[in-house]
Amino acid sequence: MAALKSVDFTVDKALAKDFLNNFANAVGEPKYLNILQDVANRKRRAIYIELDDLVDYKDLDEAFLQRVTENTRRYINIFAEAIDELMPEPTEVFPVDEDRDILMTQRVDDGMDNVDNSDPLQKMPSEIRRFFEVYIKAFSKGTPFTVRQVRASHIGQLVKISGIITRCSDVKPLMQVAVYTCEDCGFEIYQEVTARVFMPLFECPSNRCKINKAKGNLILQLRASKFLKFQEARIQELAEHVPKGHIPRSLTVHLRGELTRKVAPGDVVELSGIFLPIPYSGFRALRAGLVADTYLEAMSITHFKKKYEEYELKADEQEQIERLAEDGDIYNKLARSLAPEIFGHEDVKKALLLLLVGAPHRKLSDGMKIRGDLHVCLMGDPGVAKSQLLKHIINVAPRGVYTTGRGSSGVGLTAAVQKDPITNEMVLEGGALVLADMGICAIDEFDKMEESDRTAIHEVMEQQTVSIAKAGITTSLNARTAVLAAANPAWGRYDLRRTPAENINLPPALLSRFDLLWLILDRADMDNDLEMARHVVYVHQNLESPSLGFTPLEPSVLRAYISTARRIAPSVPRELEEYIATAYSSIRQDEAKSNAPHSYTTVRTLLSILRISIALARLRFSETVAQSDVDEALRLMQMSKFSLYSDDRQKSGLDAISDIYSVLRDEAARTNTMDVSYACALNWISRKGYSEAQLKECLEEYAALNVWQIHPNTFDIHFIDA
Amino acid sequence: MTTLIPIGSHLLRPIEREREREREREREMVGLAYDFLLNPLGAVRLAFEKAVASSPPDADLAAAFRGKDWGAVDLFRDFLFEQGGLSQVPILDASTIRWVQPNTLVRFRGMVQDMLGNELYVGAYKNGSTWRTNKFTDVAPSPMPPAFETQLWERHLFYCVPVPGQNSWTMEPSPSPGARNMSSSTSQHGVKRGRTTEDDMDLNVVSYNGDEGSSNTKKQKEGESTCQSSSSSEDLVNHGGDLELKNGDSSCLSCLVKIYDMPESHLKLNDVFEFIGIYTFDPELAGHKDNSDDLMYDLFEDPMAHLPPSKVPRLHCLICRKLVIQDFLPNSPVIEPLPNMIRKIRESLLLHLSAVLGNDEVAAQYLLLHLLSRIRAQVDVITVGKLSLNLTGFTRESASIFGCQLTNAVEELLPFAHAIPLTIEYLNNATLQPRKDNKTGRLVAGVLQLAQGTHLTIDETRMQNGTLTSNGVVNARLLKHLLEWQKVEYDFEYYKLEMAADVQLLIISEGKSSILPADLVLPFCPKSVAPVNATSEQLQAWRWYLATMRSLQHSSEPETSQILQDEMVAAMQEDRSLGYAGLTRWLTMAELMSASFGEKCVTLEHWQMIKELERLRKERLR
């Protein structure tokens with residue numbers, strides 16, 4: 001690197017000094033001088049020089065910045081030297097109790113009468129005087145590299161990578177400056193250690209000993225030497241960064257000083273560091289031959305956030321989201337982009353989208369908590385891609401746990417008290433539901449759940465906690481999770497001869513906790529079958545799936561959009577309260593009227609309506625819930641009910657057209673009007689689960705019977721008084 | 001060392017003379033520079049020096065050649081493929097490793113089992129004022145100058161093993177023991193393989209000053225027919241558990257291949273490749289046991305530490321190519337794919353298969369389709385081309401007769417075949433799942449780490465009541481997942497990665513296997529026990545037929561697809577349980593049926609045959 005071009009490092013030191021002195025952050029405070037003062041006062045050790053600040057610096061020297069990123073190791077020293085010169089006096093008194101302080105005062109005194117300073121080994125290295133560690137932090141913007149992308153050309157450079165920590169060593173001391181005393185001349189001899197292995201000195205190199213030919217015996221002074229905390233870790237590529245047909249790469253990371261003990265195996269982190277070859281020494285150099293091991297000397301560590309609330313948007317994502325938000329059809333678009341390979345099931349996907357979005361948690365003044373998470377249950381025949389849907393949702397969710405009702409580990413779904421094999425202490429271990437706190441827990445084979453979990457899940461779904469009273473541990477853990485369950489009907493397949501209640505193999509108390517319950521049946525349907533056959537033939541011929549007719553959004557975009565939506569806490573305006581109340585009471589009345597109610601509309605239903613409406617408002621990035629949100633919520637609930645009881649509807653003898661008519665007539669009678677706008681009519685009937693096409697058909701049919709008149713342009717309805 | 005000059009060397013001679021003096025010292029190390037076979041490094045270095053000399057003097061030379069080839073590979077390509085040098089290159093295996101000299105050109109065939117990432121090495125260094133290169137080698141001829149006069153380049157490391165389950169008949173014959181003139185035998189079977197041009201090999205005979213050549217007759221490979229389930233079970237457990245253990249065994253030679261200047265995407269895990277490159281072995285590097293300063297490195301063991309050069313040879317790859325099944329047919333007959341020829345082979349193969357299956361013709365038909373199946377694509381929820389077969393109705397007695405015949409037959413017909421005796425014990429103890437060991441940095445192979453196109457026979461007849469441990473549950477789930485999706489989950493400790501597989505699965509069971517849901521369930525009805533024998537010509541023809549027909553592309557006319565589509569819709573109206581899986585199965589069978597006649601296009605005739613077969617199968621199921 002030295003051969004490239006001669007760089008005057010003294011000039012660069014001046015530049016560094018200038019930057020540290022003059023850099024002012026957004027509020028005009030001298031950021032680095034403040035840090036230095038803290039260091040002088042022994043309040044902190046680590047000084048992070050952020051490249052972001054270097055860029056923002058008013059007198060930015062582009063070439064200097066480039067040199068810093070490409071030869072980082074050297075510039076750490078340059079900055080350290082600059083800091084040495086800038087270090088202010090401490091403004092606060094701190095207790096002088098460390099060995100080192102005492103040693104230092106002694107050394108400074110010695111230095112006065114020590115004229116023998118010409119020998120470099122006797123000169124006190126600045127390292128030993130420093131009470132700080134300098135780190136250069138990479139740009140926070142820009143995508144980090146994967147382990148695979150770090151190549152030979154990055155040697156010596158500052159790089160940023162992301163990955164998962166797979167192994168961590170213990171923290172060990174690493175000698176930075178070895179200090180010896182000579183038995184003969186009594187001088188302190190310093191030896192700076194830059195590698196992991198060093199050759200100790202045995203003969204005193206001081207002038208006095210040399211002149212006297214005394215060959216003074218050196219004794220290593222461990223207490224006087226300077227050690228650094230040192231830890232090794234190994235970082236592996238994340239699953240999503242591994243190209244198909246390859247296996248993840250890993251890289252050794254060296255963590256020093258303040259950066260030690262920051263990571264544990266399993267952590268997903270973003271690291272910035274210097275990519276360096278290991279300087280080999282002694283026999284290893286011989287053995288390794290031409291091969292150079294490499295490592296990353298860590299400069300900063302950022303843990304990845306897995307919660308929506310802390311999700312940081314990338315620059316282009318922000319833009320994309322804004323564009324999407326302007327698009328009116330975002331609700332449909334997002335829903336379709338969930339598991340695009342699964343054909344149809346639009347309403348189910350909509351429900352799953354709302355589950356991802358959720359509603360904010362509420363805590364009332366009296367301490368009562370109302371959950372905001374939506375719970376959805378999918379029930380259906382085997383082979384209708386339930387599991388696929390579940391897995392896809394977990395993929396999209398930033399924090400999601402997929403498990404089966406018979407959780408494979410002993411901990412199960414909730415939590416268990418287990419004996420730690422090493423310490424023999426009883427420890428509390430969270431199950432899937434606890435691990436999914438603030439996220440989504442997808443439970444497949446929900447019906448095959450263990451009895452103990454089934455009782456516990458009642459609590460999880462409403463109170464959102466898991467209580468444990470075992471082995472002397474009494475506590476309750478948070479489990480603020482949205483439950484997405486998939487279950488098979490009682491006899492494996494849905495038996496049409498039996499009632500839905502018999503088919504659904506779950507107690508009503510549990511069922512009522514689900515906001516939406518979906519039955520996906522494999523029904524004989526000519527259109528569907530044709531579609532399926534066409535699809536299979538197409539795939540066999542072209543070895544790719546037919547185009548969907550739209551481009552599904554990337555999971556990352558979905559995640560970004562949802563996390564943005566989740567930051568909004570929409571409120572229900574006063575004028576809508578009445579509307580929701582009437583809607584709720586009408587459902588209750590419908591239920592009371594029918595002789596065989598299959599649903600249990602309770603206050604929980606009302607809360608569900610609110611939750612779904614709020615989630616819908618969030619999707620529109622709106623601060624208030626609109627009437628359309630409530631209508632859509634009611635429609636979804638109705639559809640979910642119809643998926644269960646549609647057979648009954650057919651049995652009741654009313655075909656769709658006449659049912660629509662009766663709905664419209666009843667509504668008109670209730671509001672005491674002869675005119676119904678088309679939009680209103682559409683709202684009403686969609687709440688009952690009918691489509692627009694069916695409404696149009698109904699309008700035409702009954703207009704022909706002269707029951708009503710239809711406005712030719714707006715399709716508004718005017719009842720003809722009979 | 002006696003060296004005869006192969007063709008191609010004359011190209012280098014003038015330059016060689018020019019540089020004679022300069023390379024005097026180097027020559028002591030590497031020998032004559034103009035022999036591609038015995039001194040390939042000389043050619044590499046010579047080409048480098050030539051390239052350096054011809055580039056502008058002020059350019060940053062070493063950096064300019066980083067990650068690039070300077071014409072050396074072209075020289076070898078020319079030598080190997082244009083001048084027929086390939087046949088003279090010995091194949092590196094357990095028997096040849098005894099006499100192959102280090103720093104010579106060798107070939108190695110194997111499956112990429114592990115990817116050890118990249119390695120930085122001193123690629124170029126300044127010796128005095130000239131740049132020299134260390135590419136394609138592990139040791140430098142001279143000590144390294146200080147760091148600023150060197151250039152770090154990178155190469156990729158791949159750990160390759162012989163293809164799991166490779167049957168012995170696919171191996172090229174090893175040179176006969178005691179043969180003094182190794183090269184003549186190598187060049188002979190090079191001709192036999194019929195891959196090289198019909199050049200006259202005798203012109204360029206290279207004789208090796210080989211060892212006493214006491215190579216044993218080849219031990220039989222694992223995956224060789226084993227009917228005693230106990231022994232084969234042990235075998236497979238071993239295979240999954242510990243590859244290193246296998247490496248000690250002389251029959252199985254793995255190799256650490258170092259690849260240069262190649263886009264990483266070129267090689268994928270579990271790909272079967274042939275690598276041609278320089279075999280290096282340095283006794284100084286190999287002999288030393290590392291102890292002194294490795295105290296420091298106790299946490300992260302170097303993966304290399306487990307692959308000592310004494311056990312795992314290093315190969316610096318110059319040229320590599322992906323192998324297909326056809327490449328594993330030794331002395332394959334040249335059969336012209338005429339329709340009636342193919343029909344004839346098909347008939348004889350069907351006869352053979354039905355003899356194997358006790359004259360059950362329906363089962364033979366299904367087995368043929370199954371043997372021809374190949375994963376063509378994985379699209380969303382549909383895996384196109386998979387056709388796993390579950391033969392039911394075996395008893396313990398019939399399994400011992402027919403099951404054994406069946407596995408033997410499959411092994412004789414397909415290059416890569418495995419048999420798993422599915423018992424509680426096996427499920428609990430075997431390592432099916434490949435797993436990353438983060439301590440050693442190695443990917444520990446599991447039984448299910450298989451090359452594309454491997455056949456797997458699972459014998460469930462010995463299954464008895466028992467309790468599965470958690471390992472057993474994981475294994476059972478893996479097998480089921482493989483059957484359903486043709487994907488194997490690899491365990492990377494903190495997450496799992498799914499790798500696409502292409503494995504033909506045949507299950508033998510008493511009743512319909514509930515652990516292993518196959519695409520086709522067929523009750524097996526043997527009529528008689530017939531003696532099974534086939535001549536080697538017949539076997540060769542069948543192998544050729546299966547390999548060739550399997551690689552056919554499929555298509556269908558729009559009209560035919562329309563009819564198929566309509567028929568499928570009608571069938572679905574009758575039988576709700578068909579679903580995607582059923583439709584895909586039918587289409588796959590129709591395609592395979594047409595392929596079995598050597599035709600690319602599905603016709604209605606094939607469709608009718610499939611429908612008839614399915615009718616017969618349904619009858620049996622009742």
Side-chain angles (χ1 to χ4, degrees), chain A residues 1-3 147-148 151-153 155 164 166-167 169-170 196-197 232 234 236 238-239 242-252 265-266 277 281-284 286-287 289-294 341-342 383 385 388 408 522 524 526 529-530 532-537 539-541 543-545, chain B residues 66 114-115 117 119-122 134 138-140 144 148 152-154 264-265 268-269 285 288 290 292-293 296 299-300 376-377 379-382 384 436 438-439 441 443 470 473 490 492-495 497 499-500 554-556 561 564-565 568-569 572-573 576 579-581 583-584 587-588 591:
Chain A
M1 246 146 268
V147 174
R148 194 172 293 272
R151 326 278 316 227
S153 51
I155 281 192
I164 184 167
T166 53
R167 276 173 77 72
S169 72
D170 291 337
R196 299 178 65 180
V197 195
E232 242 185 324
R234 204 147 170 92
Q236 192 174 68
L238 290 173
V242 183
K244 266 220 160 75
H246 286 254
I247 64 171
R249 290 267 185 86
S250 44
L251 184 72
T252 307
S281 56
F283 177 67
R284 190 174 164 81
L286 207 113
R287 191 182 70 93
L290 304 167
V291 181
D293 270 340
T294 49
E341 70 272 13
I342 294 168
Q388 226 99 341
S408 47
D522 190 12
M526 195 68 184
D529 290 352
L530 189 63
M532 197 195 278
R534 206 174 280 153
H535 187 247
V536 170
V537 170
V539 166
H540 267 254
Q541 259 175 2
L543 301 183
E544 58 177 28
S545 47
Chain B
R66 164 189 289 171
D114 192 2
M115 298 163 142
E119 182 178 72
L120 300 189
Y121 67 104
V122 180
N134 280 326
D138 279 326
V139 278
M144 284 298 108
F148 62 89
L152 281 182
W153 291 354
E154 62 188 326
E264 251 182 285
S265 49
K268 296 219 163 73
L269 197 69
L285 288 188
H288 263 292
D290 33 299
S292 54
D293 50 344
M296 301 291 291
L299 174 69
F300 306 114
R376 293 162 59 215
V379 184
D380 310 337
V381 288
I382 303 176
V384 184
K436 175 90 172 187
N438 278 319
K439 228 184 227 166
L443 183 69
S470 59
V473 175
Y490 286 43
F492 288 94
E493 194 170 346
Y494 294 97
Y495 51 80
L497 271 186
M499 301 277 175
H554 302 282
S555 67
S556 64
S561 349
L564 298 196
Q565 207 169 295
M568 286 197 289
V569 173
M572 238 183 324
Q573 296 293 319
R576 294 306 311 152
Y580 270 115
L583 299 186
T584 316
L587 263 185
T588 307
E591 279 160 2

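The shown structure was predicted, so the numbers you read here are calculated from the model rather than taken from an experiment. All chains are named by letter (A, B, ...) in the order of the sequence lines, taking the proteins before the strands, and each is independently numbered beginning at 1.
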At a heavy-atom separation under 4.5 Å, does [X] approach chain A through its side chain, its backbone, both, or neither?
X: B/Leu497; answer: side chain
X: B/Met499; answer: side chain
X: B/Tyr495; answer: side chain

### Task
Drop me the distance from A/Arg151's CZ to B/Leu120's CG, to the nearest 0.5 angstrom.
10.0 Å
### Query
What's the spacing between B/Phe492 CZ and A/Gln236 CD if we round to 0.5 Å?
7.0 Å
### Query
Under a 4.5 Å heavy-atom cutoff, which of A/Leu238, A/Thr294, A/Ile247 has the most pairs with chain B?
A/Ile247
#### Entry: Max heavy-atom pair count under 4.5 Å with chain B, selected residue of A/Gln541, A/His246, A/His540
A/His540
### Residues that A/Arg534 engages under side-chain contact (heavy atoms from CB on, under 4.5 Å), provided they are two or more places apart
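Once residues adjacent in sequence are excluded, the partners of A/Arg534 under the side-chain contact (heavy atoms from CB on, under 4.5 Å) criterion are A/Leu530, A/Glu531, B/Gln565.
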### Query
Of all residues at least two apart in sequence or in a different chain, which pass the side-chain contact (heavy atoms from CB on, under 4.5 Å) check with B/Ala500?
B/Gln378
### Query
B/Asp114, B/Leu269, B/Leu587, B/Thr588: which one forms the most heavy-atom pairs within less than 4.5 Å of chain A?
B/Leu587
Interface moiety of [X] toward chain B, non-hydrogen atoms closer than 4.5 Å:
X: A/Pro243; answer: neither
X: A/Val147; answer: neither
X: A/Thr166; answer: both

### Task
Could you check if a side-chain atom of B/Val384 sits within less than 4.5 angstrom of a side-chain atom of A/Val539, using non-hydrogen atoms only?
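They are in side-chain contact.
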### Task
Of all the heavy-atom pairs spanning B/Val569 and A/Ala533, show the shortest one and how long it is.
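Result for this residue pair: CG2-CB, 3.8 Å.
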